Amino acid sequence: MPELPEVERARALIEARALGRRIAAVDDSDTYVCRPHPPGEIASALTGARLTAARRRGKTMWCETDRGPVLGLHLGMAGKIVVDGAEAGDPKEVLGTTWDRFTVEFEDGGRLVLRDKRRLGRAVLDPVIERLGPDAAEVSAREFRERVGHGAAPLKVRIMDQAVIAGVGNLLADEALWQARISPQAPAGSLSRPAVSRLYHSLQAALASAEANGGVHTGEVIAARRRGGVCPRCGAPMRQGVVGGRTTWWCSREQALRRAAGARAPGRATV
DNA sequence: ACTCGTGTTAGCTG
DNA sequence: TCAGCTAACACGAG
């Protein structure tokens with residue numbers, strides 16, 4: 001379920017509990033999660049080392065080591081980080097090791113685990129962080145405007161492009177666009193400057209709210225993403241469609257697509 | 001019972 | 001050349 005706030009909690013867990021401990025063994029036998037590494041390759045690089053830092057940009061995490069190799073971790077759609085049995089942000093620990101896809105065992109007997117039912121998470125050596133845009137929670141308003149506010153692609157596609165802005169997933173995108181009252185289908189370059197600014201502030205607010213309330217799924221409009229759902233603000237029917245290949249929900253009244261989307265005051269859709 | 005999906009990306013297609 | 005689509009992953013939710 002992780003989007004950026006959940007990933008940050010996982011990173012903080014690693015930072016708080018896994019740094020400085022000598023690595024005794026690594027189970028990298030899941031060749032899908034550890035692709036493209038053959039079994040043993042990550043283990044050879046990490047065994048004997050210690051993790052020295054836990055970093056994050058967007059939804060990608062990486063751990064530096066005192067031996068040089070960097071361990072990249074991604075939670076995918078359903079992954080969690082477990083350290084010594086403690087799960088980031090989830091009081092209910094899942095017992096057993098059925099879904100442990102990647103394990104770092106420390107000399108002291110503890111372990112850092114990527115637990116992931118769907119196997120969409122990744123553990124790799126030396127991830128290419130440079131391909132990611134600035135972190136969504138740290139990007140400045142100016143940089144956001146410069147990176148997001150142009151191009152022919154639908155706005156939602158633009159903000160979910162991890163090379164443009166790192167950390168915005170499907171739910172967070174719907175929430176931020178709804179808060180800003182902008183159509184997800186509006187071409188990114190068609191937005192007025194005030195509309196881009198509004199989206200920036202909505203995204204920051206959605207991130208802060210998710211952080212405070214325990215996840216992106218607590219967003220105001222998320223509960224309305226269902227058949228028969230209505231806009232929590234105006235009561236108009238929510239509309240569903242596919243944008244950039246992802247299920248998308250938006251308010252049929254406040255987020256209607258129109259010429260020069262976002263250039264006018266919201267709430268008076270022309271269609 | 002059956003469809004869909006909070007993510008990413010290689011591989012195709014037009 | 002490239003934007004856009006699909007499959008792959010494996011399980012839970014509706």
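In the text below, chain A, chain B and the rest are named by the order of the sequence lines, each starting its count at 1. If you're wondering where the values come from, they're calculated on a predicted model, not measured in any experiment.
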message = Can you tell me which residue among Leu132(A), Ile159(A), Val148(A) is in a side chain to side chain contact (heavy atoms under 4.5 Å, CB included) with Ile165(A)?
response = Val148(A)

ask   = Separation of Gln162(A) atom CD from dT8(B) atom P, in whole Å?
value = 5 Å

Integer-rounded Å distance: dG7(B) C1' and Lys80(A) NZ = 16 Å

inquiry  = Which nucleotide wins on minimum distance to the side chain of Arg118(A), given the candidates dG7(B), dT9(B), dT6(B)?
reply    = dG7(B)

request  = Mind calculating the distance between CZ (Arg35(A)) and P (dG7(B)) to the nearest angstrom?
outcome  = 16 Å

Separation of dT9(B) P from Leu132(A) CG (nearest whole Å) = 8 Å

ask   = Checking all strands, does Gly169(A) fall into the base, sugar-phosphate, or nothing category for heavy-atom contacts under 4.0 angstrom?
value = sugar-phosphate

query = Nearest-Å distance, CZ (Arg115(A)) to C1' (dG12(C))?
reply = 17 Å

Side-chain donor or acceptor of Gln204(A) paired with backbone N/O of Leu199(A) under 3.5 Å = no

note = On a heavy-atom basis, the closest approach of Ala236(A) and Cys251(A) is CB-SG, 4.1 Å

query = Roughly how many Å is it from CE in Met160(A) to P in dG7(B), rounded to a whole number?
reply = 5 Å

message = If the threshold is 4.0 Å, N to carboxylate O, is there a salt bridge linking Arg21(A) and Asp84(A)?
response = yes

inquiry  = Can you measure Leu171(A) atom CG to dA13(C) atom P for me and round it to whole angstrom units?
reply    = 15 Å

message = So, OP1 or OP2 of dT6(B): does either fall under 4.0 Å of a side-chain N or O from Arg225(A)?
response = yes

ask   = Under 4.0 Å: is that the gap between some side-chain N or O of His74(A) and OP1 or OP2 of dT8(B)?
value = yes

request  = Any strand is fair game: report the nucleotide pairing with dG7(B) by Watson-Crick or G-U wobble, both distances under 3.5 Å, or none.
outcome  = dC9(C)

inquiry  = Work out how far the P atom of dT9(B) is from that of dC11(C), and round it to whole angstrom.
reply    = 22 Å

inquiry  = If you compare every side-chain N and O of Arg246(A) against the phosphate oxygens of dG7(B) (OP1, OP2), does one of them come in below 4.0 Å?
reply    = yes

